[in-house]
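Sequential numbering from 1 along the given sequence is applied to the chain's residues. These numbers were taken from a predicted model, which means no experiment stands behind them.
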Amino acid sequence: MHTLIQSVLGLWYVLGALAQTEIKLVADENVTLPCRHSLGHLGTQSLDIEWLSNISDYGKQVLLSYSGGQVYDAENHKGRYSFVSKYLEGDASLFIRSLQPSDAGQYICKVKNAGQYTWSYITVIVLVKPSELACSSEGEQLEGKNLTLKCKSSAGTKPLNYRWFRVNLKDAVERPMQSTARSGPENQLLLHNLSKTDNGSYRCEVSNEVGMRICDVHVTVQRVSNTGILAGVTCGVVVGVFLIFLTVWLLFRKKDFKKKEEEEYFNEIREDAEAPKARLVKPGSSSSDSRSSQSGSSSTRSTTNSALRSQRTHSTQETPHGEQRHHCLEKI
């Protein structure tokens, strides 16, 4: 019986000395990891405290320690880790400044006091709040059109829960949605067949177990402008009239071009028919043509000589005697 009691006490001591804790902490906040100890009869002279981390790929690393009356911290983590103010009086908790998601993992507090060791194991889970939301709308805010409201958080510990609702910004009171509003994929809100009753503010809310973010989208539905319709109709009429005139002009041009082609074609036929007639020569007629040309040339010469003789005779009768002599000498 006495042996059984000693075994239970020993197990309890071991379990107490190897205490393990899991805690959830929020990123970007300053946090404290608990570790307590009791001073022995030797006081602080035999006290050693050491905080280690097992969060890197290189195994355990010493973050902070106390030994021989001095505090030592790691060179690559200066300023991020420190003891609380009463670490010599029994509170050896570790203070971490601005916790980061990369700080998640296992931490070990080892206390040596008067030759006895106490180990505390703490597993840290870092939770990240949802990031700032990016909200937007896609589509025209006109009557009869469809509008899509979008909402997205780029970071945060999952699950992220999204919710759209209509809100009165003056008193932040939630208002009912129109029957045409539907939830869409990727946290979207779809507004179909817009009307003036859809005017207002729509709020997107995203949350997880450590935080919440909101953003608002304002919708103001406008009537379709008659000016735009009239401008569209006018442009259509102008374009239609222009096309009609262009078609008529092209038809007349085509008709004139065809008529001109026909006239040129008939002129070419007429010229081709008249040209050979002027050059027509019968076979065997070359000698007679030469004889006729020779007789024609001789008759022409005799006619010319007769004319010259008659002219000289006439000039002789009219010229004085001295001039006749001179004329005779020229003749000789």
Expected output: side-chain D48 to main-chain K112 donor-acceptor under 3.5 Å: no
Side chain S120, main chain C35, donor-acceptor under 3.5 Å: no
Selection residues 179-189 - residue pairs positive for side chain to side chain donor-acceptor pair (under 3.5 Å), sequence neighbours left out: none
Side chain to side chain contact (heavy atoms under 4.5 Å, CB included) partner of W51, chosen from I108, L33, D73, V62: L33
Pair K150 + E138, salt bridge at N-O below 4.0 Å: yes
Flag side-chain contact, heavy atom, 4.5 Å: L94 against Y81: yes
Student check: side-chain heavy atoms of T123 and T21 closer than 4.5 Å: no
Heavy-atom side-chain contact between I49 and H37 under 4.5 Å: yes
Non-hydrogen side-chain atoms of L133 and K152 separated by less than 4.5 Å: no
Note, V221 side chain near L142 side chain (heavy atom, < 4.5 Å): no
N-O pairing of R213 and E132 below 4.0 Å: yes
Test: R203 and D216 ion pair at under 4.0 Å: yes
Side-chain donor/acceptor of S153 to backbone N/O of S131, under 3.5 Å: yes
N-O pairing of R97 and E29 below 4.0 Å: no
Donor-acceptor contact below 3.5 Å, side chain N146 vs main chain N193: yes
Contact check, side chains of E143 and L194, non-hydrogen atoms, under 4.5 Å: no
Donor-acceptor contact present, side-chain R80 to main-chain S98, <3.5 Å: yes
Identified side chain to side chain contact (heavy atoms under 4.5 Å, CB included) counterpart of N208 within the set L160, N161, L127: L160
Electrostatic pair R166:D198 at N-O distance under 4.0 angstrom: no
NZ/K170: more than 12 non-hydrogen atoms of other groups inside 6.0 Å: no
Side chains of V167 and R175 in contact at under 4.5 Å (non-hydrogen atoms): no
Test item: T157 side-chain N/O and V128 main-chain N/O as donor-acceptor pair under 3.5 Å: yes
